[in-house]
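Quick note on labels: first sequence line is chain A, next is B, and so on, each numbered from 1. Below, each value reflects all heavy atoms present in this structure, side chains not excepted, and no hydrogens, waters or symmetry copies.
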Amino acid sequence: MLRPFDYYRPADMDEALALLGQGPEAAVLAGGTDLLVKMRRDSRRSPLVVDIKGLEECRGIGWENEHLSVGALTTFNDLLGSGEIREHFPLLIDAARVMGCCEIRQRATLGGNVVNASPGAESGSPLAVLQARVIVRGPQGSRQMPIEDFWQGVGKTALFPGELLTHVLIPRLPPGSRSAYLRRSRVRGMDLASVNVAVVVINPQVSKNRQIRVAMGAVAPMPLRARKVEAMLRGQEITPELLAGMREKIQEGLTPRVTSLRASPEYKKEMVAVLTEMALQRLLKR
Amino acid sequence: MKHLINLTVNGQKMTVEVESQRTLLELLRDQLSFTGVKEGCGDGECGACTVLMDGQPVRSCLILAVEAQNTEILTIEGLAAGDGLHPLQQSFVKEGAVQCGFCTPGFILAAKALLDRHPHPTDQQIREAMGGHLCRCTGYETIFLAIKAAGSKRR
């Protein structure tokens, strides 16, 4: 049983912001697949639930100049059905396919996954490696920031009370870029990622112009870019020696928490190295 | 806070009064007596509470009843026409895919949605559709075979 609360479904943004302005404990409901679990476990209490599914402006996927704008209410099944995502950001398809299960993907939204700020969220490392930005709307208007600044810790974001995430903006990648998302989980059915890796390769065919970006999930409080590894791989011919160096470098400074239910710190560190190498091998194939 | 909502359950239009904090699962089971909808984990992990909402499988424990406004819900009670069994139900019986039966309504409804989308699903598509459903009795193989047989029967 859930504790009693009031429920409103605003028809437009002004109404939504007015409701969210009523108190800092107001909860935003989109897909509900995280919020209702938290409310049932009593880790989240709220006297007021604001269902934002009536906000049409938070729906839809489309290009705006050089960014693909993805509405916060886009579900994981919507991502899987999007030709733009499939063509330009296939790593998000890899991630959406393993997010939850059919029933969860039907409800869970990209915005909710971002705001929930789970260290191993399926969309986390892909959006970090894509250098996505988020648009946030509040009583003072809207503001924008890199997604890496939006996440501030486990379950913590840069949202102020009364604010709402409305869109995720994904910059267009240069033509010919490739991307992949790989993860380990305990079981083959529905499970959260024990550890995950997202990789983008720009100019895969010409090593001197090649740029590689790597982000890791579930190894730190937030999805984490492996910037030292990126610098090490940039413009280099990929040799077995370079990959061996990468495997060491990517583990440097990583201290996954010991209390994880899904995998030991040693396993996670080993696996980010292995998954990154697997992704590179897949993406650099001619 | 009370809400009056309109929805269709198993083909029957209705208006019901619900409290904000009631889940769709509680509405269906406790208020409307569709006890084929099961509460397993209550956390969206097990799939026992799966129903179809506008044709798509969803977890009724993770949806508020008030969110079902203007939707069409199908529970296991509404699957078969008349007194007979739906082909999927027949197939589950034939393959011995039911033991304690607690997970069965969720599996069958998820399978119905799969076969509606892909009348002849691949093995991989069947496994994906089953991915969020737990069964502690059968070991899954008979369930897989039942869905596969129901899929090939439609050819």
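- Contact count versus chain A (heavy atoms, under 4.5 Å) is highest, among B:T50, B:T23, B:D43, B:L114, for B:D43.
- A donor-acceptor pair shorter than 3.5 Å can be found between the side chains of A:Y267 and A:R184.
- Heavy-atom distances place both the backbone and the side chain of B:E45 under 4.5 Å from chain A.
- A donor-acceptor contact closer than 3.5 angstrom links the side chains of A:N77 and A:Q106.
- For the residue pair B:Q124 / B:T122, no side-chain donor-acceptor distance below 3.5 Å is found, with atom types taken as modelled.
- Residue A:K268 comes nearest to A:V219 through the heavy atom pair CB-CG1, 4.1 Å, listed as atom of the first residue, atom of the second, then distance.
- For the residue pair A:E57 and A:H167, no side-chain donor N or O sits within less than 3.5 Å of a side-chain acceptor on the partner.
- Neither the backbone nor the side chain of B:L134 comes within less than 4.5 Å of any heavy atom of chain A.
- Residues B:L7 and B:V16 form a side-chain contact, since some pair of their non-hydrogen atoms from C-beta on lies under 4.5 Å apart.
- Heavy atoms closer than 4.5 Å to chain A are found in both the backbone and the side chain of B:E128.
- Between B:H3 and A:Y7, the ring-plane angle classifies as perpendicular under the 30° and 60° cut-offs.
- For chain A, no part of B:M130 is nearby; none of its heavy atoms comes within less than 4.5 Å.
- Interface remark: A:M39 contributes no atoms to any contact with chain B (heavy atom separation under 4.5 Å).
- With a 4.5 angstrom heavy-atom cutoff, A:D6 touches chain B via backbone and side-chain atoms both.
- Of all the heavy atoms in B:L109 and B:L52, the pair that sits closest is O-CD2, 3.4 Å.
- Ranked by heavy-atom pairs shorter than 4.5 Å toward chain A, the options B:G132, B:A110, B:P57 are led by B:P57.
- In this structure, no portion of A:R9 lies under 4.5 Å from any heavy atom of chain B.
- For A:L29, the part sitting under 4.5 Å from any heavy atom of chain B is the side chain, from C-beta outward, and nothing else.
- Taking chain B as the reference chain and counting heavy-atom pairs below 4.5 Å, the highest number among A:G100, A:C102, A:P4, A:G31 is found for A:P4.
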